[in-house]
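The structure appears right after this line, and notes come after that.
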Amino acid sequence: MMIRKKNKSTVAYLFVFVIATFFITVFSKCSPLYAFNNSPDATVIFEVGRRMFDGSVLYRDVVDQKGPFLFVIYGIASLISTADYIGLYFIEILFAFLTLTFVYKIASLKFSMDKSVLCTMLVASVMYCYPLNTYGGDTAELMMMPFLMYLYYLGFRYVCKNVEIKPYEYLIVGITSGCVLWSKYTLLGIYLAWFVFPAIDMIKAKRIDKLFKTVLIIIAGVLISSIPWIIYFGANNYLGEFLKFYFLEQATYYQKADLVRSLSNGVRYTFIYMFVPIIGLFGAILYFIKTKKELPKKLVSYNLLMYVVLFSFIYLIGNGGRYPYYFIALLVFLVPGFMAVVYCL
């Protein structure tokens, strides 16, 4: 029985890998199917990452506003090939596989293998060929998606199944949030909202000691992610200048944006481009009407809080009203949306 279950899981993850490979190959312009990649972000970040690996010091010899962790990813890709984006293509497949693995794990908390794979494929069909993803793959938001989806998986499991989050999982959350911090810190809002529910439960249970310990574990994870950059910029005598540029100068840059234009774009991106999560919401309502079940208030509150806080971070701090792809991180909420749709099938 154990062997059969293990074999079934292997087949499921093989399906997930095939789905990830298919969508990246067809819809990412890093794929060998495309003659060129017209994404300015991919071109710039790839070049900065390549120069970093050639010995240039980030933000002193070569500059872009993204964080250093992202440049490392692209730098690794440049080690595979400097003449094209084939290295980044393989990394995108790996990151997509990790993202969809957690999508599958979330769906499998409620569904059989077949329905979980179907839900995973539906999420992938939007996440990797959505209008928000304007240049065809390789955005910072998509690169951070495995970390965001892992976070959502832990939260969904905690809210729906009452599965306690273990100390090592909190440590991974800290490490991955550090990776996000040193890639594009405007995506960190989801981490703050995510921690509200376990924190409230610890306070209600009068486990302040556990809350304090958990916070320390998460901080330790962030420090683990930060140590390489402290060493790197410290060794190059550039730590203070890096922090000033990354956190202060960029904030000044964003404040110069046209707020009226940003507001109109933010509304347009939310209510036009986010039509699939909205369909998912209607699907959820339909499901609970159809089955006459009570709407799970904690799950609704969990999703709503994370959505609002993440949107606020992207929109207010990162000025997401400028470009539609800034909102790609919100596609993490495709998972509960499509789960509701699959429920109704």
Side-chain angles (χ1 to χ4, degrees), residues 1-28 31 33 89-130 132-133 136-137 141-161 163 169 172 274-288 290-291 293 296 299 302-303 328-345:
M1 184 72 178
M2 192 84 145
I3 296 175
R4 184 180 299 175
K5 188 175 181 181
K6 187 176 180 180
N7 289 338
K8 198 172 182 180
S9 296
T10 302
V11 171
Y13 289 121
L14 181 60
F15 272 120
V16 172
F17 180 76
V18 170
I19 292 169
T21 302
F22 171 79
F23 280 101
I24 294 299
T25 301
V26 174
F27 294 103
S28 171
S31 165
L33 293 181
Y89 164 70
F90 289 129
I91 289 176
E92 278 196 280
I93 290 176
L94 173 61
F95 276 48
F97 173 65
L98 293 173
T99 299
L100 297 179
T101 292
F102 290 117
V103 172
Y104 173 80
K105 289 174 74 69
I106 294 166
S108 63
L109 293 172
K110 291 287 186 180
F111 298 137
S112 64
M113 187 191 84
D114 295 346
K115 286 190 174 182
S116 298
V117 170
L118 173 61
C119 186
T120 303
M121 187 173 67
L122 291 173
V123 170
S125 68
V126 176
M127 186 170 290
Y128 297 105
C129 54
Y130 206 40
L132 288 175
N133 192 0
E141 288 76 9
L142 280 180
M143 288 300 188
M144 295 300 103
M145 193 59 75
F147 307 143
L148 303 184
M149 200 62 75
Y150 173 73
L151 185 78
Y152 188 80
Y153 162 67
L154 293 180
F156 190 94
R157 190 185 64 179
Y158 178 80
V159 171
C160 288
K161 295 291 185 177
V163 176
E169 292 173 327
I172 294 173
M274 295 307 293
F275 69 94
V276 172
I278 290 171
I279 289 174
L281 176 62
F282 283 119
I285 294 171
L286 177 63
Y287 165 74
F288 288 108
K290 180 179 177 182
T291 58
K293 289 187 176 182
L299 179 60
Y302 169 72
N303 282 291
I328 287 175
L330 294 175
L331 295 183
V332 70
F333 300 104
L334 287 170
V335 182
F338 275 123
M339 285 181 69
V341 171
V342 171
Y343 262 128
C344 296
L345 294 178

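Side chains of Leu331 and Glu141 form no contact here, defined as non-hydrogen atoms less than 4.5 Å apart.
Heavy atoms from other residues, nucleotides or ligands lying under 6.0 Å from OH of Tyr150 number more than 12.
Taking every heavy atom of both residues into account, Val123 and Leu334 meet most closely at O-CD1, 4.0 Å. Contact between Leu109 and Tyr153 at its shortest, heavy atoms only, is CD1-CE1, 4.3 Å. The minimum heavy-atom distance linking Val332 with Leu148 is given by the pair CG2-O, 4.2 Å.
Rounding to the nearest 0.5 angstrom, the gap separating the CD atom in Glu92 from the CG atom in Leu142 is 7.5 Å. The distance from atom CG of Leu122 to atom CE of Met339, rounded to the nearest 0.5 Å, is 12.0 Å. Between the CE atom of Met145 and the OH atom of Tyr152 there is a distance of 12.5 Å, given to the nearest 0.5 Å. The distance from atom SG of Cys119 to atom CG of Asp114, rounded to the nearest 0.5 Å, is 13.0 Å. Summarising the geometry, atom OG1 belonging to Thr120 is positioned 9.5 Å from atom OH belonging to Tyr13; distances are rounded to the nearest 0.5 Å. Residue Ile172 holds its CD1 atom at 11.5 Å from CG of Leu151, rounded to the nearest 0.5 Å.
Legend: residues meeting side-chain hydrogen bond (donor to acceptor under 3.5 Å, both in side chains) with Tyr158, ordered by chain and number and at least two apart, are Asp201. Under the rule for a side chain to side chain contact (heavy atoms under 4.5 Å, CB included), the partners of Val163 that lie at least two apart in sequence or sit in another chain are Arg157, Lys161. Taking the ring pair (Phe, Tyr, Trp, His ring centres under 6.0 Å) definition, one finds that Phe23 meets it with Phe27, sequence neighbours left out. Residues meeting the ring pair (Phe, Tyr, Trp, His ring centres under 6.0 Å) test with Phe111, sequence neighbours left out: Tyr343.
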Donor-acceptor contacts, no H, no angles, side chain residues 95-105, under 3.5 Å, sequence neighbours left out:
residue: Thr99; atom: OG1; partner: Phe95; partner atom: O; Å: 2.9
residue: Thr101; atom: OG1; partner: Phe97; partner atom: O; Å: 2.7

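Legend: side chain to side chain donor-acceptor pair (under 3.5 Å) pairs involving residues 15-26, not counting sequence neighbours, sorted by first then second residue: Thr25-Tyr89.
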